[in-house]
Amino acid sequence: MARIGTRAEVWFSNVIASFARYVAERTLSESVPMLMRHDAIVDSFNYAKENMKGAYSFLDRFDGLGLSIKEAKRRFPSRKLVLEFGVYKGGMINYQARKFPELDFVGFDSFEGLQEQWSGMAPEKTFDLGGRLPRVRRNVGLVKGWFVESGPRWKMKNPASGIPLLVHVDCDTYAATLDVLEFCSDYVEHGLVIHFDDYFGFPDWRAGGFKALKEMSEKRRWRLTYLSYGTKEVAVLAEMHVG
(Lines give C-alpha, C1' and ligand atoms only; values in the text may rest on other atoms or scores of the structure.)
Protein backbone atom coordinates (compact mmCIF):
# COMPACT_ATOMS: atom_id res chain seq x y z
CA MET A 1 0.00 0.00 0.00
CA ALA A 2 1.34 3.45 -0.88
CA ARG A 3 2.58 5.58 1.98
CA ILE A 4 0.49 8.76 2.44
CA GLY A 5 2.98 10.70 4.57
CA THR A 6 2.78 12.61 7.82
CA ARG A 7 0.69 15.72 8.26
CA ALA A 8 3.88 17.83 8.17
CA GLU A 9 5.01 16.19 4.94
CA VAL A 10 1.63 16.80 3.31
CA TRP A 11 1.63 20.43 4.46
CA PHE A 12 5.16 20.92 3.11
CA SER A 13 4.21 19.37 -0.23
CA ASN A 14 1.19 21.67 -0.49
CA VAL A 15 3.36 24.71 0.26
CA ILE A 16 5.85 23.69 -2.44
CA ALA A 17 3.04 23.12 -4.93
CA SER A 18 1.48 26.50 -4.15
CA PHE A 19 4.82 28.24 -4.56
CA ALA A 20 5.39 26.46 -7.86
CA ARG A 21 1.99 27.64 -9.13
CA TYR A 22 2.78 31.20 -7.94
CA VAL A 23 6.08 31.22 -9.84
CA ALA A 24 4.58 29.62 -12.94
CA GLU A 25 1.71 32.10 -13.13
CA ARG A 26 4.16 35.02 -12.98
CA THR A 27 6.79 33.65 -15.34
CA LEU A 28 4.60 32.39 -18.14
CA SER A 29 5.81 33.79 -21.42
CA GLU A 30 2.20 34.32 -22.44
CA SER A 31 -0.76 35.16 -20.22
CA VAL A 32 -3.48 37.77 -20.47
CA PRO A 33 -1.96 40.10 -17.79
CA MET A 34 1.53 39.73 -19.27
CA LEU A 35 0.35 40.45 -22.80
CA MET A 36 -1.69 43.45 -21.63
CA ARG A 37 1.40 44.90 -19.95
CA HIS A 38 3.54 44.08 -22.96
CA ASP A 39 1.18 45.94 -25.29
CA ALA A 40 1.08 48.90 -22.90
CA ILE A 41 4.88 49.03 -22.82
CA VAL A 42 5.15 48.87 -26.60
CA ASP A 43 2.52 51.60 -26.98
CA SER A 44 4.34 53.74 -24.42
CA PHE A 45 7.68 53.13 -26.13
CA ASN A 46 6.28 54.26 -29.46
CA TYR A 47 4.83 57.39 -27.85
CA ALA A 48 8.14 58.21 -26.13
CA LYS A 49 10.09 57.58 -29.32
CA GLU A 50 7.88 60.03 -31.17
CA ASN A 51 7.38 62.72 -28.53
CA MET A 52 10.27 62.62 -26.05
CA LYS A 53 13.29 63.23 -28.23
CA GLY A 54 15.96 64.96 -26.18
CA ALA A 55 14.52 63.88 -22.83
CA TYR A 56 16.82 61.81 -20.63
CA SER A 57 15.88 58.41 -19.23
CA PHE A 58 16.21 56.70 -15.86
CA LEU A 59 15.27 53.34 -14.33
CA ASP A 60 14.96 54.00 -10.59
CA ARG A 61 11.88 56.06 -9.65
CA PHE A 62 13.52 57.56 -6.55
CA ASP A 63 16.57 58.68 -8.50
CA GLY A 64 14.30 59.87 -11.32
CA LEU A 65 12.42 62.28 -9.08
CA GLY A 66 15.71 63.45 -7.59
CA LEU A 67 16.97 64.23 -11.09
CA SER A 68 13.78 66.19 -11.82
CA ILE A 69 14.27 68.23 -8.65
CA LYS A 70 17.86 69.00 -9.67
CA GLU A 71 16.69 70.03 -13.15
CA ALA A 72 14.02 72.27 -11.62
CA LYS A 73 16.64 73.85 -9.33
CA ARG A 74 18.78 74.60 -12.37
CA ARG A 75 15.87 76.34 -14.09
CA PHE A 76 14.34 78.03 -11.04
CA PRO A 77 17.16 78.49 -8.46
CA SER A 78 15.20 80.83 -6.19
CA ARG A 79 12.32 78.41 -5.56
CA LYS A 80 12.40 76.22 -2.44
CA LEU A 81 9.06 74.38 -2.31
CA VAL A 82 8.19 70.89 -3.55
CA LEU A 83 4.56 69.74 -3.52
CA GLU A 84 3.60 66.06 -3.64
CA PHE A 85 0.09 64.82 -4.37
CA GLY A 86 -0.22 61.20 -3.28
CA VAL A 87 1.92 60.53 -0.22
CA TYR A 88 0.71 57.10 0.96
CA LYS A 89 3.24 55.91 3.59
CA GLY A 90 5.65 58.76 2.93
CA GLY A 91 8.49 56.75 1.40
CA MET A 92 9.16 59.05 -1.55
CA ILE A 93 8.64 62.40 0.17
CA ASN A 94 10.86 61.42 3.10
CA TYR A 95 13.56 60.16 0.75
CA GLN A 96 13.67 63.40 -1.23
CA ALA A 97 13.40 65.56 1.91
CA ARG A 98 16.49 63.84 3.30
CA LYS A 99 18.31 64.23 -0.02
CA PHE A 100 17.39 67.93 -0.32
CA PRO A 101 17.36 69.30 3.26
CA GLU A 102 17.48 72.88 1.95
CA LEU A 103 14.00 72.48 0.42
CA ASP A 104 10.55 72.48 2.00
CA PHE A 105 8.15 69.67 1.10
CA VAL A 106 4.36 69.60 1.45
CA GLY A 107 2.47 66.36 0.86
CA PHE A 108 -1.25 66.11 0.10
CA ASP A 109 -3.26 62.93 0.61
CA SER A 110 -6.59 61.72 1.97
CA PHE A 111 -4.79 58.72 3.48
CA GLU A 112 -8.04 56.87 2.75
CA GLY A 113 -7.04 55.27 -0.55
CA LEU A 114 -8.11 55.87 -4.12
CA GLN A 115 -11.36 57.78 -4.50
CA GLU A 116 -12.17 55.86 -7.68
CA GLN A 117 -10.91 52.85 -9.60
CA TRP A 118 -7.47 53.27 -11.18
CA SER A 119 -8.32 52.03 -14.66
CA GLY A 120 -6.39 48.91 -15.59
CA MET A 121 -4.41 48.86 -12.35
CA ALA A 122 -6.21 48.94 -8.98
CA PRO A 123 -9.72 49.12 -7.43
CA GLU A 124 -11.19 51.97 -5.42
CA LYS A 125 -9.83 52.34 -1.83
CA THR A 126 -6.43 50.84 -2.72
CA PHE A 127 -3.67 52.45 -0.58
CA ASP A 128 -6.13 53.09 2.28
CA LEU A 129 -4.32 53.89 5.56
CA GLY A 130 -7.52 54.45 7.51
CA GLY A 131 -6.87 58.19 7.57
CA ARG A 132 -3.64 57.79 9.56
CA LEU A 133 -0.80 60.14 8.64
CA PRO A 134 2.71 58.68 8.30
CA ARG A 135 5.74 60.01 10.17
CA VAL A 136 7.69 62.53 8.12
CA ARG A 137 10.93 64.46 8.32
CA ARG A 138 11.31 67.92 9.80
CA ASN A 139 11.18 69.69 6.44
CA VAL A 140 7.95 67.94 5.41
CA GLY A 141 4.40 69.08 6.11
CA LEU A 142 1.26 67.04 5.42
CA VAL A 143 -2.19 68.22 4.33
CA LYS A 144 -5.03 65.72 4.75
CA GLY A 145 -8.05 65.64 2.45
CA TRP A 146 -9.19 65.16 -1.13
CA PHE A 147 -7.13 67.24 -3.54
CA VAL A 148 -10.03 69.24 -4.94
CA GLU A 149 -10.54 70.73 -1.45
CA SER A 150 -7.19 70.44 0.32
CA GLY A 151 -5.12 72.07 -2.44
CA PRO A 152 -7.08 75.34 -2.69
CA ARG A 153 -7.50 75.44 1.11
CA TRP A 154 -3.74 75.16 1.61
CA LYS A 155 -3.10 77.81 -1.05
CA MET A 156 -5.44 80.26 0.69
CA LYS A 157 -3.74 79.69 4.06
CA ASN A 158 -0.27 80.07 2.57
CA PRO A 159 -0.43 83.06 0.20
CA ALA A 160 3.28 83.76 0.63
CA SER A 161 4.38 80.24 -0.31
CA GLY A 162 5.36 81.35 -3.80
CA ILE A 163 5.67 79.28 -6.98
CA PRO A 164 6.68 75.66 -6.31
CA LEU A 165 10.00 74.39 -7.55
CA LEU A 166 8.30 71.14 -8.61
CA VAL A 167 4.97 69.38 -8.29
CA HIS A 168 5.11 65.59 -7.92
CA VAL A 169 1.88 63.94 -9.12
CA ASP A 170 1.44 60.45 -7.65
CA CYS A 171 -2.34 60.25 -7.40
CA ASP A 172 -2.78 57.63 -10.15
CA THR A 173 -6.33 58.27 -11.37
CA TYR A 174 -7.65 60.58 -14.07
CA ALA A 175 -10.02 62.62 -11.87
CA ALA A 176 -7.51 63.17 -9.07
CA THR A 177 -4.81 64.20 -11.55
CA LEU A 178 -7.21 66.64 -13.18
CA ASP A 179 -7.84 68.24 -9.75
CA VAL A 180 -4.09 68.61 -9.19
CA LEU A 181 -3.47 70.14 -12.61
CA GLU A 182 -6.30 72.60 -12.06
CA PHE A 183 -4.64 73.55 -8.77
CA CYS A 184 -1.35 74.08 -10.68
CA SER A 185 -2.81 76.31 -13.40
CA ASP A 186 -1.74 79.62 -11.78
CA TYR A 187 1.79 78.30 -11.29
CA VAL A 188 2.19 77.27 -14.92
CA GLU A 189 1.99 80.94 -15.93
CA HIS A 190 5.49 81.25 -14.43
CA GLY A 191 6.78 77.89 -15.71
CA LEU A 192 6.50 74.71 -13.66
CA VAL A 193 8.20 71.32 -13.61
CA ILE A 194 5.63 68.55 -13.09
CA HIS A 195 6.82 65.02 -12.37
CA PHE A 196 4.30 62.19 -12.87
CA ASP A 197 4.93 58.94 -11.01
CA ASP A 198 2.44 56.96 -13.14
CA TYR A 199 2.14 58.36 -16.64
CA PHE A 200 2.59 55.47 -19.08
CA GLY A 201 3.87 51.90 -19.34
CA PHE A 202 0.86 50.16 -17.78
CA PRO A 203 -2.58 49.00 -19.04
CA ASP A 204 -5.03 51.82 -19.85
CA TRP A 205 -2.31 54.46 -19.37
CA ARG A 206 -3.93 56.72 -21.94
CA ALA A 207 -7.04 56.96 -19.70
CA GLY A 208 -5.22 58.25 -16.59
CA GLY A 209 -2.72 61.02 -15.92
CA PHE A 210 -1.79 61.17 -19.59
CA LYS A 211 -5.38 62.02 -20.53
CA ALA A 212 -5.68 64.57 -17.72
CA LEU A 213 -2.53 66.42 -18.79
CA LYS A 214 -3.52 66.36 -22.47
CA GLU A 215 -6.96 67.80 -21.73
CA MET A 216 -5.69 70.44 -19.31
CA SER A 217 -2.85 71.57 -21.55
CA GLU A 218 -5.25 71.99 -24.48
CA LYS A 219 -7.83 73.79 -22.34
CA ARG A 220 -5.30 76.15 -20.73
CA ARG A 221 -3.01 76.46 -23.76
CA TRP A 222 0.06 75.07 -22.04
CA ARG A 223 3.24 74.31 -23.92
CA LEU A 224 4.70 71.00 -22.69
CA THR A 225 8.34 69.98 -22.96
CA TYR A 226 9.24 66.45 -21.86
CA LEU A 227 12.34 66.54 -19.64
CA SER A 228 12.75 62.89 -18.65
CA TYR A 229 11.06 59.49 -18.53
CA GLY A 230 11.35 56.22 -16.65
CA THR A 231 9.50 52.91 -16.71
CA LYS A 232 6.21 54.60 -15.75
CA GLU A 233 7.37 58.11 -14.82
CA VAL A 234 7.56 61.30 -16.88
CA ALA A 235 8.69 64.84 -16.07
CA VAL A 236 7.47 67.80 -18.11
CA LEU A 237 8.07 71.55 -18.13
CA ALA A 238 4.68 73.26 -18.44
CA GLU A 239 4.59 76.84 -19.70
CA MET A 240 2.02 79.17 -21.22
CA HIS A 241 1.88 79.49 -24.98
CA VAL A 242 3.12 82.89 -26.09
CA GLY A 243 1.12 84.65 -28.78
Side-chain angles (χ1 to χ4, degrees), residues 61-62 64-66 68-69 72-73 76 78-118 122 124-199 208-209 212-213 216 220 222 233-236 238:
R61 59 189 290 266
F62 285 81
L65 179 54
S68 292
I69 292 174
K73 289 179 68 175
F76 308 109
S78 64
R79 302 183 188 179
K80 303 295 181 184
L81 178 64
V82 175
L83 305 181
E84 178 173 277
F85 290 85
V87 176
Y88 191 37
K89 295 181 180 179
M92 180 63 83
I93 201 168
N94 279 322
Y95 178 89
Q96 304 299 342
R98 179 177 59 82
K99 189 173 182 179
F100 300 98
E102 75 280 9
L103 301 179
D104 294 318
F105 292 76
V106 179
F108 298 78
D109 204 304
S110 68
F111 303 102
E112 297 177 13
L114 298 178
Q115 199 171 11
E116 64 176 354
Q117 176 182 332
W118 180 7
E124 181 184 349
K125 300 299 287 183
T126 302
F127 311 124
D128 187 2
L129 297 179
R132 296 185 300 275
L133 277 62
R135 295 181 63 182
V136 292
R137 298 182 67 85
R138 189 174 303 175
N139 57 331
V140 177
L142 296 178
V143 181
K144 187 179 184 302
W146 303 113
F147 302 141
V148 69
E149 300 169 351
S150 61
R153 185 173 66 245
W154 174 87
K155 190 182 286 188
M156 286 184 61
K157 290 182 178 179
N158 297 273
S161 60
I163 309 302
L165 172 68
L166 177 143
V167 173
H168 179 209
V169 182
D170 190 8
C171 48
D172 305 326
T173 67
Y174 164 77
T177 303
L178 206 60
D179 290 338
V180 173
L181 295 176
E182 186 68 50
F183 167 86
C184 291
S185 58
D186 293 342
Y187 300 142
V188 172
E189 295 180 9
H190 307 274
L192 180 67
V193 175
I194 308 175
H195 184 104
F196 293 84
D197 193 72
D198 297 285
Y199 189 79
L213 179 62
M216 185 60 70
R220 297 283 186 175
W222 293 353
E233 308 81 11
V234 161
V236 300

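Relative to the ring axis of Tyr95, Arg98 places its NZ or CZ within 45° and under 6.0 Å from the centre.
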Practice prompt. Begin from the C-alpha positions of Phe147 and Phe183 and carry the test side-chain contact (heavy atoms from CB on, under 4.5 Å) through to its verdict.
Written response: CA-CA 9 Å; Phe147 302 141; Phe183 167 86; over 6 Å; no
Item to complete: For Met92 and Asp170, run side-chain contact (heavy atoms from CB on, under 4.5 Å): C-alpha distance rounded to whole Å, both residues' side-chain angles, the deciding distance at 0.1 Å, then the answer.
Response: CA-CA 10 Å; Met92 180 63 83; Asp170 190 8; 5.7 Å; no
Discussion item. What verdict does the side-chain contact (heavy atoms from CB on, under 4.5 Å) test give for Met216 and Val188, after you've listed the backbone C-alpha separation in whole Å, the side-chain angles of each residue and the deciding distance to 0.1 Å?
Written reply: CA-CA 11 Å; Met216 185 60 70; Val188 172; over 6 Å; no
Fill in: Verdict with reasoning, Arg61 to Asp197, per side-chain contact (heavy atoms from CB on, under 4.5 Å)
CA-CA 8 Å; Arg61 59 189 290 266; Asp197 193 72; 3.0 Å; yes
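One distance of note links CZ of Phe62 with CD of Glu233; it measures 10.0 Å at 0.5 Å rounding. To the nearest 0.5 angstrom, Ser68 atom OG is 9.0 Å from Gln96 atom CD. To the nearest 0.5 angstrom, Asp104 atom CG is 6.5 Å from Asn139 atom CG. Atom CZ of residue Arg135 and atom CG of residue Leu142 lie 12.5 Å apart, to the nearest 0.5 angstrom. To the nearest 0.5 Å, atom CZ of residue Arg137 and atom CD1 of residue Ile93 are 12.0 Å apart.
Side-chain contact check for Trp154 versus Leu83: some heavy-atom pair is nearer than 4.5 Å. The closest side-chain heavy-atom distance from Ile69 to Lys99 is not below 4.5 Å. Counting only heavy atoms from C-beta outward, the side chains of Thr177 and Leu213 never approach each other to under 4.5 Å. Here the side chains of Thr173 and Cys171 are not in contact, with every heavy-atom distance at 4.5 Å or above.
Closest non-hydrogen pair, Phe100 versus Gly66, comes out as CZ-O, 3.7 Å. The two residues Ser150 and Val143 come nearest to each other via the heavy atoms CB-CG1, 3.9 Å. Phe76 approaches His190 most closely through the heavy-atom pair CE2-O, 3.9 Å. Pairing each heavy atom of Pro134 with each of Tyr88, the nearest pair is CG-O, 3.6 Å. Contact between Leu103 and Arg79 at its shortest, heavy atoms only, is CD2-O, 4.2 Å. When every heavy atom of Ala238 is checked against every heavy atom of Trp222, the shortest pair comes out as CB-CE3, 4.3 Å.
With Leu166 as the fixed residue, the side-chain contact (heavy atoms from CB on, under 4.5 Å) test singles out one of Ile194, Val193, Leu192: Val193.
Salt bridge status for Lys144 with Glu112: present, with a side-chain N to carboxylate O gap under 4.0 Å.
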